[in-house]
Amino acid sequence: LQYSDRQKNCAEKATAMRGLSIDDTLGKLLMATIDKLKIKKSERSNASSCVNNITAKVVTHLKQNVNWCKDIERLRTGSYYENVKICEPDEFDVMRSIPVDVALKRHPNKHALHRFLNEDKTIQASEMLSEFRDAVKEAVQKLPCRSKQTCIKKKPRCPAVTLEVKMEENGKTISIDFVLGLKVHRASWPDFTKDGFKIETWLGKKEKANMKHRPFYLVSKYEGKGHAEHDGTDAWRISFSHVEKEILKRHGHSKTCCEDVGYKCCQKECLKLLKYLLQQLKEDDSKSRKMSKFCSYHAKTTLLHACATRGTDSKWHTVNFVQHLRKCHLPNFFIPSHNLLRQASPSSCDFLANEIEFQLNNNFLIFS
DNA sequence: CTGTTACCGAAGACA
DNA sequence: TGTCTTCGGTAACA
């Protein structure tokens, strides 16, 4: 999508009176759209106090009542916490991670997780998940009446425990995903990540080395968000949500990105627009069937690839989702061998590519 | 060692 | 555009 330069221009000069060219019209529309996508401060306040209240109580309950959850940690991930959530603060991802260290390997019988070990020393996901789910359920039942409008949803193929909470302030429903994860701190990331995460020219070699020292997480989560370690129900997928969050925070190439007066990069804004475009297309009943295999993680991955290949901030100006779609090929940013579009049919990829090109050629009519 | 606090950055609100 | 505010993250502190 080739709008960021224009948009940046527009951001800087929006107040200057200029004759209305086509570009200005488009710039204004995109700026107005970005405004529209902003989350209201009051709604954010409402939702976050609700979410924080509930998650705090759930984690205390887990720590106190489940022996292997003693050291459980909270990791807030996903678009809300990356400041790229659009429209409404209605989806929260909270990972509950259990540190898994070398102690488990050396002294498997003494470790709190030892009862979940399979014969081949892998960890049974299904048993852990069902205990986790039951414990979260108990915690929710203990919540005060004020939060009684809370229920647990089971989404098909989604092992996360999802709470749906109806807020009394405005009657809106928010969902909180509790994701059970194993935090693995090793010397390096698994081999299949070797050729991924190419951020050298974007954020630098030093930064990459830094990030690679971070742990990685094994989670049971959505299809298409990671790489399956095992097949069947006992599947753990590797997750780099924490790294995604961090590099989105340090979005710019130069250390002073967004600090200089008068210069504002727009990666996040572009991602929001692309997500909104996908959302709008998904909500269109006549198109939703063809759109079912696409999700916002595709948009995010596209942004990461674009940032990584463009290098310096000023040169960053296209997000070539369309190219990925034409080839039906969008590698996971961290695991290049994993194609995120493998489940989308060539015809639906072409369909979306056409839709995006149509919007590009028609001043994003869908936004107005 | 653990829980609290204080500070800082991001971003929305508003004059 | 600059300032104020809230939330989230973290490091220092008790």
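Below, chains carry the letters A, B, ... as their sequence lines are ordered, and counting in each starts from 1. Hydrogens, waters and symmetry mates are skipped; everything else that's a heavy atom, side chains included, is used.
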Can you tell me how far [atom2] of [N] sits from [atom1] of [X], to the nearest Å?
| X | N | atom1 | atom2 | result |
| --- | --- | --- | --- | --- |
| A:E73 | C:dT10 | CD | P | 12 Å |
| A:N53 | C:dC7 | CG | C1' | 15 Å |
| A:K40 | C:dC7 | NZ | P | 17 Å |
| A:K268 | B:dG9 | NZ | C1' | 10 Å |
| A:H242 | C:dG9 | NE2 | C1' | 15 Å |
| A:N83 | B:dA11 | CG | P | 5 Å |
| A:R74 | C:dG8 | CZ | C1' | 8 Å |
| A:D35 | B:dC14 | CG | P | 13 Å |

A:K194, NZ atom: more than 12 neighbouring heavy atoms under 6.0 Å: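 12 or below, so no.
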NE2/A:H329: more than 12 non-hydrogen atoms of other groups inside 6.0 Å: yes
Can you tell me which nucleotide in [options] comes closest to the side chain of [X]?
| X | options | result |
| --- | --- | --- |
| A:K272 | C:dC7, B:dG12, B:dA10 | B:dG12 |
| A:S48 | C:dG8, B:dG12, B:dA11 | C:dG8 |
| A:K38 | C:dG9, B:dG12, C:dG8 | B:dG12 |

Carboxylate-amine/guanidinium contact A:R326 A:D350, below 4.0 Å: yes
Salt-bridge present (A:R96, A:E73; N to O < 4.0 Å): no
Distance below 4.0 Å between A:Y80 side-chain N/O and C:dG8 OP1 or OP2: yes
Below 4.0 Å: OP1/OP2 of C:dG8 and any side-chain N or O of A:N52: yes
A:Q64: side chain to side chain contact (heavy atoms under 4.5 Å, CB included) partners, not counting sequence neighbours: A:T60
List every contact pair, protein side and nucleotides 3-6 of chain C side both N or O, where the distance is under 3.5 Å.
residue: C:dT5; atom: O2; partner: A:K41; partner atom: NZ; Å: 2.6

A:H338 side chain vs A:I335 backbone, donor-acceptor pair below 3.5 Å: no
Table please: side-chain donor-acceptor pairs of residues 276-286 of chain A below 3.5 Å, with sequence neighbours left out.
residue: A:K282; atom: NZ; partner: A:M291; partner atom: O; Å: 3.1
residue: A:K282; atom: NZ; partner: A:F294; partner atom: O; Å: 2.5
residue: A:D284; atom: OD1; partner: A:S286; partner atom: N; Å: 2.9
residue: A:D284; atom: OD1; partner: A:S286; partner atom: OG; Å: 2.7

Touch class at under 4.0 angstrom, heavy-atom based, for A:K85 against every strand present: nothing
